[in-house]
Amino acid sequence: MRNVKWLENAVFYNIYPQSFYDSNNDGIGDLNGITQKLDYIKDMGFDAIWLNPFYESPFRDAGYDVTDFYKVAERYGTNDDFKNLCDEAHKKGVRVCIDLVAGHTSLECEWFEKSCSSEKNEYTNRYIWTDRAGKDYNHSCIGGYAPRNGMYMKNYYYCQPALNYGFANIDDPSWQLPPEHPDCQATKQELINIMEYWLSLGADGFRVDMAPSVIKNDPDSSGVIKFWNEIRDMYDKKYPEAVLISEWSHPSVAIKAGFHIDFLIHMNLPSYTMLFRAEKRENVVQPFVGNSFFNKNGNGSIENFLADYLREYDRTKEKGYISIPTSNHDIPRISYNRTPRELEAVYAFILTIPGVPFVYYGDEIGMKYFADMPSKEGGFTRTGSRTPMQWTSGKNAGFSDCDKEKLYLPVEEDGVNVEDQLKDENSLLNVTKKLIKLRKSSNALSNEGDIEFLNRKYNGYPLIYKRTGTDGEYLVCINPTDKKQDFAYNLKGAEVVMQNDNAVITDDEIVLKPISYVILKLN
Ligand code: GLC
Ligand code: CA
């Protein structure tokens, strides 16, 4: 099933279009801005990008509320600019994957406006409506909005009505339709048309927003697995090089559903949280670093992560890929409460484990998460991870030449930036770049190589794992804590290929300095 060759050593860069680079100085990043920065992207070693949505939208959820799926929002440019971005990216060997908001539209989408009518029309069943406006179905339904006598089901915010692909299990046949119903099939056909449209312009695949949300009342996921497998069949026949990436956070299910890649992140499985953001207080997991494994206090436990990860890894190996991203637009940046040195230890991990790595724009320079930033476009606490990319030490950090008040979000002018870090061999940017290069130079360290965790005891510091592939074996040793850590192992003949401090290595032991990592080639 893992039939997309280029994924075998791909490393993705996740770009939030409004904040990456502003090519026309209106204060908002745009598609031409991304095209202009392709050399930077390529030079870092990224060979694919995932763009957050750029479709026409009233931006009540930063573009995850789409009014026209076939049109680039004016603020980002035109459909021709998108085609041009794909053409230029392909010339450089960079693939372009885009966001597919499959589960809902904006309230202002013409389809929804038609669906609101009390008179039957083509869009009456395009969305999920109950059969009475005042009937309290459940908290996901909103009543009293439209002339139509029914409540619409929302998928996320109130302004994101759920598209109707059907219910796997039907509790109330007066308004719930099965996925086979022609109206649900019509919704699905429209989704396929949208996908084919962007693929025809040059897109290389989709990151599917809230992928499991398409089929309702589907506790065992069988409905949604069937749904996406049908799309995957279409892919395999017509677009065998294109990829499907899910926002699902349950790789073993997502990959069974036909996705090539799924993220391990904040939802469902707690493992991402246990790695990076565990917190002592109940129900509060973000953005604290607390007792996560990657915390210098050394109170975290790798066991919590491994319990989830290894189960998912064993079930998906050779079928699809797990991705542990550095951050994304929905969660606090990984830099929050971490020093650049601590980040190096995190990246040494993210960039040497199997699966497809995703680096969120700005994480390669350690851009900050701004915890108290006022909300923009429905971002709320997420807003602080969405600020403009810091390119230089100049005006607006080189993001745009506009007046400050026109900026999409405030930019940190005196913070880290690409220009400075490119010049410094030991900068986070250059460490990231070297880690990517090393990953790509070796089958064992690539997306494909096997992994075996060697220090699995409670606490499990230092983190030690072996990667194995056609070019032999590597040992990755990471100490996120601020104390020395040692590990006994037969290291005869081992060669250091990359490290950030002087580890002490003898024939049978390695001693790691505080907050450090070493990657060794074993012989
Ligand atoms: C996904 C997106 C998030 C958005 C939500 C609703 O989780 O990543 O940004 O708000 O879906 O579309
Ligand atoms: Ca612009």
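Counting convention: from 1, in listed order, for ligands and their atoms alike.
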For ligand 1, which atoms have a heavy atom of R382 less than 4.0 angstrom away?
3 (C), 4 (C), 9 (O), 10 (O)
Would you say R207 touches ligand 1, if touching means a heavy atom closer than 4.0 Å?
yes
For the metal site, I want the angle between atom OD1 of D26 and atom OD2 of D30 with the Ca ion (ligand 2) at the apex, to 10°.
170°
So that I know where these two stand, are Y336 and Y369 an aromatic pair - ring centroids less than 6.0 Å apart?
yes
When you measure from the side chain of Y165 to the backbone of A102, do you find a donor-acceptor pair of N or O atoms at a distance under 3.5 Å?
yes
What atoms of ligand 1 come within less than 4.0 Å of a heavy atom belonging to M210?
6 (C), 11 (O)
The single option from L31, T35, I34 passing side chain to side chain contact (heavy atoms under 4.5 Å, CB included) against F82
L31
Would you check if the distance from the ring center of F59 to the ring center of Y408 is below 6.0 Å?
no
For H104, the ligand 1 atoms with a heavy-atom partner under 4.0 Å come out as 6 (C), 12 (O)
Answer key: the N, O or S atom of D22 nearest to the Ca ion (ligand 2) is OD1
Is it true that R207 and D209 make a salt bridge, defined as a side-chain N closer than 4.0 Å to a carboxylate O?
yes
At a non-hydrogen distance cut-off of under 4.0 Å, which region of R60 contacts ligand 1 (side chain, backbone, both, or neither)?
neither
Y361 six-ring centre to R333 NZ/CZ under 6.0 Å and within 45° of normal
yes
What atoms in ligand 1 come closer than 4.0 Å to a heavy atom of D61?
4 (C), 5 (C), 6 (C), 10 (O), 12 (O)
N/O/S atom of N24 inside 3.0 Å of the Ca ion (ligand 2), strictly under:
yes
Could you go through the side-chain contact (heavy atoms from CB on, under 4.5 Å) check for E312 and I255 one step at a time?
CA-CA 10 Å; E312 296 299 303; I255 279 147; over 6 Å; no
R75 backbone or side-chain N/O/S under 3.0 Å from the Ca ion (ligand 2):
no
